[in-house]
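Every number for a ligand or one of its atoms is a count from 1 in the order of the listing. Because only heavy atoms are used, hydrogens play no part in the values below, and waters and symmetry mates are left out as well, while side chains stay in.
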Amino acid sequence: MDRLIVTGGRRLSGSVRINGAKNSALKLMAAALLAEGETRIENVPRIMDCLTMAEVLEHLGAKVTWDDSTLAVDTTSALGIETPYELVRRMRASIIVLGPLLLRHGRARVAMPGGCNIGSRQIDLHLRGLESMGAEFSYEHGYLEASARSLSGAVIYLDYPSVGATENLLMAAVGATGTTVIENAAREPEIQDLAAMLVEMGAKIDGAGTTTIEIEGGGPFGPARRRVIADRIEAGTFAIAACATRGDVLLRDARAEHLDLFLAKLADAGAEVHPSAEGVQITMHSRPLALDFVTLPYPGFPTDLQPQMLALLAGAKGTSIATENVFESRFMFVDELNRMGADIRTEGHHAVIRGVERLSAAPVRALDIRAGAAMVIAALGADGTTEISDLHFLDRGYEDFEGRLAALGAEVHREPSMWPEASSG
Ligand code: EPZ
C-alpha cells in the first residue's frame, strides 16, 4: 500500500555496497534441494523474491533460517514435490525447482507460471530439454505434472540461450546417468555461480560461462557453503542513478568484468568509469549524450538494465534508439516515463528516445521490478516531487532501495498510500 515520494535535483555522492545477485541467489537456493543436509548461502539479499523462494522450499519440507544475509537451507526432510500456484504467481522463477525435484524424487507438480508484464515467458525449452533426458510431462488444472523413472544424459541444442532453461537442465544433468551436453547455453555470470556451487556439492561440470556446457552425471551430492556474486543489475541501476543526477558514486563490491558492455555504453554517454579492487567509481559531470543500444543475452547489453537506461536517455542531449531483443513487451513502462514529459516512441522492438532538457514530476506506477527502478531514476533527475506506486515490484528486486539512495544524498522516502495497489499481473 506504500508509495515512494521522490524530490528530484539532488546529486548522488558517496558509496553504496552492492548486494548479492537476486538472479543467482534464487537458483543457489533451489540447488540446495540436490543434497540432503544443510547448505549455507552467504550474501543473499533480503528481497521479496528471496523470501518467496524460501517459502517454496519450506512448502517442499525444507527448513530455512536467515542469519543476517546468510541463509541455511536444511533439506533433510524436503520430501515435497509440489510448488503451489499461490507462490508461482508471485514469482515465475519458482519453476527452477523442476530439475532438482525431478532428480531428487523422480516427480514434480509445479503450477504453470503464466506470462508477466514484460513478455509471454515460455518454458518450452526447459521441458524439451528435460524430455530428451527421459522426463514426461502432462498438464492438469494449471499444473505441470512431471515424472522420470530415471534421467539419462543427452545432447541438447537450445533454440535460444535461455537462462532459466540452462539452469534447470544443468541441475537435472548433474545427477543423470551419463554425459549431458548443453549447446547454445546461456553464459550469464549467474550460471557460472550456480555451476560453481554444484561443483562444490560434488558435480562434474565443464564449460559453464561458454556456449557449450558438458556435465558428467554422478552423485550423490553433499551440502555446500557458497557466497552469492555481486548483483550486476543492482550495480548498473545505481550507476545509472549516479549519472542521472550528475553524481559521483562508488559501487562497492561491484564486478566490472560482469558489466563490460554496459560500462562502455555509460562511458559513451559521458560518464567517467573507474573499476578498482573496491568496486566501480561512476562520475558524471554534465548532461548525458544520446546513444543507441541493443539488448542481448550475456555478454550483450542486459535487458534488465534497459528501462533504467531509457530513463537516463530521456534526459540526454540528442536522440537515442534502443532495441529490445529478449522480451517482447518490455517497453510497456514507456507511457509512465512519457507522463513525466519524456518523448519516447516505440515501434515493435525499437524505442526512439528524443532527449528533453528535464523531466517533470508526476504520479507514476512501477510496472515491474526494473521499470520500477527506472521510475525512481527518472524522479531523481526530474523537476519537482514524484509519487511512485506499486512498490511491491521494487521490493521484489531491491533491498531498502530508498534508504540506500537517501544515504547517497537523495530526497526520497516511503509513505503509506490510501489507494489499494494494482494486481501484480
Ligand atoms: C532470467 O529470466 C532473469 N530472471 C530475468 O531477470 C532476465 O531478464 C532473463 O533471465 C534474461 O537475462 C531470473 O533469473 C529469476 P530466459 P528467465 O529464459 O530465465 C524466451 C529481473 O528483472 N524463452 O533467458 O525467465 C523467453 O520468453 C528478471 O531480474 C522461451 O521462449 O529468462 C524470453 O523471451 C526479469 N522458452 C527469453 O527466452 C523458454 O523455455 C529469455 O528468457 C525459455 C525462455
Return the closest protein heavy atom for [atom] as residue, atom name and distance.
| atom | value |
| --- | --- |
| atom 18 (O) of ligand 1 | Ser162 OG, 2.7 Å |
| atom 24 (O) of ligand 1 | Val163 N, 2.8 Å |
| atom 23 (N) of ligand 1 | Gln122 O, 4.1 Å |
| atom 32 (O) of ligand 1 | Phe327 CZ, 4.1 Å |
| atom 3 (C) of ligand 1 | Asn23 ND2, 3.6 Å |

For [X], does the [atom1] atom have more than 12 heavy-atom neighbours from other residues, nucleotides or ligands under 6.0 Å away?
| X | atom1 | value |
| --- | --- | --- |
| Arg107 | CZ | no |
| Glu257 | CD | yes |
| Tyr85 | OH | no |
| Glu183 | CD | yes |
| Arg17 | CZ | yes |
| Glu415 | CD | yes |
| Tyr160 | OH | yes |
| Arg46 | CZ | yes |

Checklist entry - Without hydrogens or angle criteria, can the side chains of Gln308 and Thr237 be said to hold a donor-acceptor pair below 3.5 Å? => result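 The answer is yes; a qualifying pair exists.
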Checklist entry - For Glu190 and Asn23, does a side-chain donor sit closer than 3.5 Å to a side-chain acceptor? => result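 There is no such pair between these side chains.
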So if I count the atoms of ligand 1 from 1 in the order they appear, which ones are less than 4.0 Å from some heavy atom of [X]?
| X | answer |
| --- | --- |
| Arg330 | 8 (O), 22 (O), 35 (C) |
| His126 | 40 (O) |
| Asp304 | 5 (C), 6 (O), 7 (C), 8 (O), 21 (C), 22 (O), 28 (C), 29 (O), 35 (C) |
| Gly164 | 18 (O), 19 (O) |
| Tyr160 | 37 (C), 38 (O), 41 (C) |
| Ala93 | 15 (C) |
| Thr303 | 8 (O) |

Classify the contact between [X] and ligand 1 as side chain, backbone, both or neither, using a heavy-atom distance cut-off of under 4.0 Å.
| X | result |
| --- | --- |
| Lys27 | side chain |
| Arg370 | side chain |
| Tyr298 | neither |
| Glu190 | neither |

Min N/O separation [X] to ligand 1 under 3.5 Å:
| X | result |
| --- | --- |
| Lys22 | yes |
| Arg121 | yes |
| Leu125 | yes |
| Ile369 | no |
| Pro161 | no |
| Val326 | yes |
| Asp124 | yes |

Checklist entry - Going by an N to O cut-off under 4.0 Å, is there a salt bridge joining Arg109 and Glu145? => result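 Yes, charged N to carboxylate O under 4.0 Å.
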Item to check | Electrostatic pair Glu214:Lys204 at N-O distance under 4.0 angstrom | outcome: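 The answer is no: the pair does not qualify as a salt bridge.
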Item to check | Sub-4.0 Å protein heavy atom next to atom 30 (C) of ligand 1 | outcome: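 Under the 4.0 Å cut-off, atom 30 (C) of ligand 1 does have protein heavy-atom neighbours.
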Checklist entry - Does Ile118 come within less than 4.0 angstrom of ligand 1, counting non-hydrogen atoms of the residue? => result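 Contact check Ile118 vs ligand 1: positive.
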Next on the checklist: Classify the ring geometry of Phe401 against Phe238: parallel below 30°, tilted from 30° to 60°, perpendicular beyond 60°.
Outcome noted: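 Judged by the thresholds at 30° and 60°, the geometry between Phe401 and Phe238 is perpendicular.
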Checklist entry - How far apart are the C-alpha atoms of Glu324 and Arg330, what are their side-chain angles, what is the distance that settles it, and do they pass the salt bridge (Lys or Arg N to Asp or Glu O under 4.0 Å) test? => result CA-CA 7 Å; Glu324 172 59 54; Arg330 201 160 207 176; 5.3 Å; no
